[in-house]
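Comments concern the structure below.
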Amino acid sequence: MLETSDKQILEFLQKQEMQSILLCLPPHPSVDALCAGLAMRACVEKMGKRVLLVSENFVVPSRLKFLPIADRVSGTAPAINTMTIAVDVSKTKADNISYETLGDKLLIYLTPHNGTFIAQDVATKAGFAFDMIITIGSSDLETLGSLFLDRADFFHHTPIINIDHAAGNEQYGQVNHVNVTATSTSEVVARFMFDTLP
């Protein structure tokens, strides 16, 4: 079963549409959860994905400042909703972009290098800023605190990979990689990295 979940995680991460990953740790994560999160972040980044590692109100404990990239764990939850504006530049290249706020409107100015842009060149899409969530060392979603509680709609509409080693894990993800025989969540992540990744 764990071998299957290893493969499922890899398949999710290799999907073209999974470009932006939110990696979540509980507030005040254990050393184990922090190390597992940092390792998973490095793994996901190496696959060419954009990843944000978050733990509510996180501050690197002084005794752990030696850990590589520990200071790159965000203690502030990101904006979850996003508006994407796509402009087709295959025929007309963009030269300059600027914006201003005018009353209640945000005006975006795109200057062509040569030629002109037309309305058909522009497409918009509203949605979530992240394509997938990976939780590390969280037995249930409520363990994530306000990161989950203030964004429940996002968590319920976004695929979740749940990585843990606790027997009490509620198996809330689309993929649940929970190994209760492992000594730590870091071991679960290390096994995934060494046994599954090419």
**Message:** Enumerate the salt bridge (charged side-chain N to carboxylate O under 4.0 Å, His left out) contacts for residues 117-131, please, sequence neighbours excluded, ordered by first and then second residue.
**Reply:** none

Is the shortest side-chain N to carboxylate O distance from [X] to [Y] below 4.0 Å?
X	Y	answer
E11	K15	no
E187	R191	yes
K105	E100	no

Verify, without hydrogens or angle tests, whether [X] (side chain) and [Y] (backbone) share a donor-acceptor contact under 3.5 angstrom.
X	Y	value
K93	V89	yes
T92	G115	no
S138	D140	no
D150	L147	no
S146	L149	no
N96	T111	no
S20	A129	yes
D95	P112	no

**Item:** Working for side-chain contact (heavy atoms from CB on, under 4.5 Å), residues V60 and V73
**Value:** CA-CA 8 Å; V60 182; V73 179; 6.0 Å; no

**Fill in**
Residues M132 and L13: closest non-hydrogen pair is CE-CD2, 3.3 Å

**Message:** side-chain hydrogen bond (donor to acceptor under 3.5 Å, both in side chains) for T181 and N179? Distances and angles first, verdict last.
**Reply:** CA-CA 5 Å; T181 64; N179 183 352; 2.6 Å; yes

**Request:** Could you walk me through whether S184 and H165 pass the side-chain hydrogen bond (donor to acceptor under 3.5 Å, both in side chains) test, one step at a time?
**Result:** CA-CA 6 Å; S184 62; H165 81 290; over 6 Å; no

**Asked** Do we see a donor-acceptor contact under 3.5 Å between the side chains of N162 and H177?
**Response** no

**I136 vs I134, side-chain contact (heavy atoms from CB on, under 4.5 Å): CA-CA, chis, key distance, verdict** = CA-CA 7 Å; I136 303 282; I134 301 175; 4.1 Å; yes

**Item:** Set of residues satisfying side-chain hydrogen bond (donor to acceptor under 3.5 Å, both in side chains) with respect to Q19, sequence neighbours excluded
**Value:** none

**Face-on cation placement of R151 at F128 ring, 6.0 Å and 45° thresholds** = no

**Request:** Start with the C-alpha distance between F58 and T76, add both sets of side-chain angles, then the distance that settles side-chain contact (heavy atoms from CB on, under 4.5 Å), and finish with yes or no.
**Result:** CA-CA 8 Å; F58 181 77; T76 307; over 6 Å; no

**Message:** T135 vs I163, test: side-chain contact (heavy atoms from CB on, under 4.5 Å). Steps then yes/no.
**Reply:** CA-CA 6 Å; T135 62; I163 300 175; over 6 Å; no

**Prompt:** Can you hop from Y172 to V54 via hydrophobic side chains spaced under 4.5 Å?
**Reply:** yes

